[in-house]
Amino acid sequence: MDSMKLVDGTSYFSCGDGETVIFIHGVGLDKSMWGGQVAGLMQNYHVIGYDMLGHGDSPEPETNVSIEAYADQLERLITALKLDKPITVVGFSMGGLVARAFALKYSHRIARLVVLNSVFNRTDEQRQNVLSRCKEVKKLGPGANVEAAIERWFSKEYRGASPAQIDAFKARIVTNSKNGYLQTYQLFGENDNYGISQLNTLHLPVLIATGEFDVGSTPEMAYGLARYLPNAEVVVLDQQRHMMPVESPQLVNDMLIAFLDGQQHSQQEQVTLQEVVNGA
């Protein structure tokens with residue numbers, strides 16, 4: 001992986017050769033979450049990851065920031081790197097919302113879209129749960145919900161087997177900028193239905209994937225989002241929780257590579273792909 005670079009203040013890495021795939025992390029995290037994907041994809045793809053506004057080494061968001069500002073940040077990065085050909089964007093959780101906003105605003109830039117463990121059409125109870133966590137963050141800072149988040153995100157077995165990795169994630173969350181974290185979390189809590197009336201205009205291939213046991217980004221949300229997109233397929237990974245790109249990188253990479261290979265699947269073939277990535 002190339003060392004950290006800055007473009008217009010945005011911190012990013014770039015490695016590998018081939019078609020460009022850009023990865024967008026979730027709230028409270030940074031570009032370092034994609035180490036497993038870098039290892040699996042950089043042999044055949046040009047892989048870029050960057051820190052969203054208010055995260056890692058990127059600039060703070062402006063007051064009352066909109067989700068479009070996060071899409072604009074990605075556009076500035078693409079322009080600065082002179083990426084002339086359409087790219088694939090992979091967004092995780094909040095990054096999935098940013099990827100959706102980017103695809104709607106800059107459709108000419110994007111060839112394919114991958115939405116991992118992201119949110120759509122929350123129930124009233126789910127929305128209130130997220131917004132109540134935002135209130136706790138406003139009062140107590142980024143560390144307010146960290147223990148509960150780790151339990152939601154990772155399996156019990158992974159937490160037990162990888163304590164150093166878990167500690168690194170906790171440290172990443174609690175050392176976030178309070179302002180950047182709070183503003184981003186607020187957008188994440190309020191924008192699960194972002195662009196819902198325009199989604200049917202996105203005719204590019206879309207992969208929507210989540211884990212069977214992801215309680216915040218459920219399989220129901222994945223299927224619900226797919227119904228609004230003309231060319232979407234859904235994969236639900238067995239036994240996986242929210243942080244499946246970190247906990248099970250090989251499983252996620254196999255799924256990504258199958259999608260990036262550009263194969264056109266019939267409905268029966270999509271079922272076969274689901275079975276393959278779940279190890280059936």
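As the structure is a prediction and not an experimental result, all values here were calculated from the model.
- At distances below 3.5 Å, not a single donor-acceptor pair connects side-chain atoms of D30 with backbone N or O atoms of R172.
- Annotation: side chain of Y223 is in contact with side chain of V236 (closest heavy-atom distance under 4.5 Å).
- Looking only at distances, a side-chain donor or acceptor of R100 sits under 3.5 Å from a matching main-chain atom of Y194.
- No side-chain heavy atom of L202 sits under 4.5 Å from any side-chain heavy atom of Y228.
- At a threshold of 4.5 Å between side-chain heavy atoms, the hydrophobic network of Ile, Leu, Val, Met, Phe, Trp and Tyr places I257 and I87 in one connected group.
- Here the closest non-hydrogen pair linking S118 and M221 is O-SD, 4.2 Å.
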Verify side-chain hydrogen bond (donor to acceptor under 3.5 Å, both in side chains) between Q250 and D254, making sure each step is shown before the conclusion. CA-CA 6 Å; Q250 184 67 61; D254 288 346; 2.8 Å; yes
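- Looking at every heavy atom in both residues, T20 comes nearest to H46 through OG1-ND1, 3.0 Å.
- At least one side-chain heavy atom of Q186 sits less than 4.5 Å from a side-chain heavy atom of L131.
- What you find for R241 and E151 is that their closest heavy atoms are NH1-O, 3.5 Å.
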Determine whether Q128 and E125 satisfy the following criterion, side chain to side chain contact (heavy atoms under 4.5 Å, CB included), listing intermediate values before the conclusion. CA-CA 5 Å; Q128 279 308 118; E125 181 181 2; 5.8 Å; no
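- Side-chain atoms of E212 and D238, non-hydrogen and from C-beta on, do get closer than 4.5 Å to each other.
- Between atom CD of residue Q126 and atom OG of residue S217 there is a gap of 9.5 Å, rounded to the nearest 0.5 Å.
- Aromatic ring orientation, F169 versus F154: perpendicular (interplanar angle above 60°, classes split at 30° and 60°).
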Does the side chain to side chain contact (heavy atoms under 4.5 Å, CB included) test come out yes or no for L104 and T201, once each step is laid out? CA-CA 8 Å; L104 287 168; T201 67; 4.1 Å; yes
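- Using a 4.5 Å cut-off on side-chain heavy atoms (C-beta onward), H108 and P86 make no contact.
- The ring pair (Phe, Tyr, Trp, His ring centres under 6.0 Å) search around F102 returns Y106, not counting sequence neighbours.
- Between the side chain of S14 and the backbone N or O of I48, no donor-acceptor pair lies under 3.5 Å.
- The line from OG1 of T10 to CG of L77 is 6.0 Å long, rounded to the nearest 0.5 Å.
- Between F120 and V115, the closest side-chain pair of non-hydrogen atoms is not below 4.5 Å.
- For the pair H25 (side chain) and M52 (backbone), a donor-acceptor distance under 3.5 Å is present.
- Side-chain atoms of K5 never come within 3.5 Å of backbone atoms of S11 as a donor-acceptor pair (strictly under, hydrogens ignored).
- Within 6.0 Å of CG on D17 lie no more than 12 heavy atoms contributed by other residues, nucleotides or ligands.
- At distances below 3.5 Å, at least one donor-acceptor pair connects side-chain atoms of Q73 with backbone N or O atoms of D51.
- Between the side chain of R109 and the main chain of L83, a donor-acceptor pair closer than 3.5 Å is present.
- Checked options D192, N193, T218; the residue passing with R122 is D192 (criterion: side-chain hydrogen bond (donor to acceptor under 3.5 Å, both in side chains)).
- Rounding to the nearest 0.5 Å places CD1 of I110 at 7.5 Å from OG1 of T88.
- Cluster membership check: F23 shares its hydrophobic cluster with L81, using side-chain heavy-atom separations under 4.5 Å among Ile, Leu, Val, Met, Phe, Trp and Tyr.
- Put simply, CG on L29 and NE2 on H55 are 7.0 Å apart, with the number rounded to the nearest 0.5 Å.
- Contact of the L97 side chain with the L187 side chain is not registered, since no non-hydrogen atoms from C-beta on lie closer than 4.5 Å.
- Judged by distance alone, the side chain of S248 and the main-chain N or O of M244 form no donor-acceptor pair under 3.5 Å.
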Worked check of side-chain hydrogen bond (donor to acceptor under 3.5 Å, both in side chains) between N179 and S177: CA-CA 5 Å; N179 170 62; S177 147; 4.9 Å; no
Check step by step if side chain to side chain contact (heavy atoms under 4.5 Å, CB included) holds for M243 and M33. CA-CA 9 Å; M243 287 298 298; M33 73 162 281; 4.2 Å; yes
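- Using cut-offs of 30° and 60° for the angle between ring planes, the W34 and F92 rings count as perpendicular.
- Of all heavy-atom pairs spanning A111 and P205, the tightest one is O-CD, 3.4 Å.
- Residues L140 and V146 are members of separate hydrophobic clusters, defined by side-chain heavy-atom contacts under 4.5 angstrom among Ile, Leu, Val, Met, Phe, Trp and Tyr.
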Can you list the steps and then say if V47 with F13 is a side chain to side chain contact (heavy atoms under 4.5 Å, CB included)? CA-CA 8 Å; V47 179; F13 67 76; 4.1 Å; yes
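- Q43 CD: more than 12 foreign heavy atoms inside a 6.0 Å radius.
- A donor-acceptor pair is defined here as one N or O able to donate and one able to accept, closer than 3.5 Å; such a pair exists between the side chain of R112 and the backbone of L260.
- For the pair V27 and Y181, the minimum side-chain heavy-atom distance is below 4.5 Å.
- Listed for the Q37 side chain is a donor-acceptor partner under 3.5 Å among the backbone atoms of P245.
- Residues L251 and F213 do not share a hydrophobic cluster, clusters being chains of Ile/Leu/Val/Met/Phe/Trp/Tyr side chains in contact below 4.5 Å.
- Between Y50 and Y70, the shortest heavy-atom contact is OH-O, 4.4 Å.
- The 12-atom threshold is not exceeded at NZ of K135, counting heavy atoms of other residues, nucleotides or ligands nearer than 6.0 Å.
- Both F188 and V65 are part of a single hydrophobic cluster, where members link through side-chain heavy atoms under 4.5 Å apart.
- In this structure, CD1 in I67 is found 11.5 Å from CG in L53, a value given to the nearest 0.5 Å.
- Around atom CD of E136, more than 12 heavy atoms belonging to other residues, nucleotides or ligands sit under 6.0 Å away.
- Between R127 and E190, none of the side-chain N atoms (NZ, or NE/NH1/NH2) sits under 4.0 Å from a carboxylate O, so this pair counts as no salt bridge.
- Across A99 and L113, no two heavy atoms sit closer than the pair CB-CD1, 3.5 Å.
- Listed by first then second residue, pairs satisfying ring-ring contact (aromatic ring centres under 6.0 Å, His included) with a partner in residues 131-150 number zero, not counting sequence neighbours.
- When each of V90, T210, V235 is checked for a side-chain contact (heavy atoms from CB on, under 4.5 Å) with L116, only V90 meets the rule.
- In this structure, CD on E68 lies 14.0 Å from CD on E75, to the nearest 0.5 angstrom.
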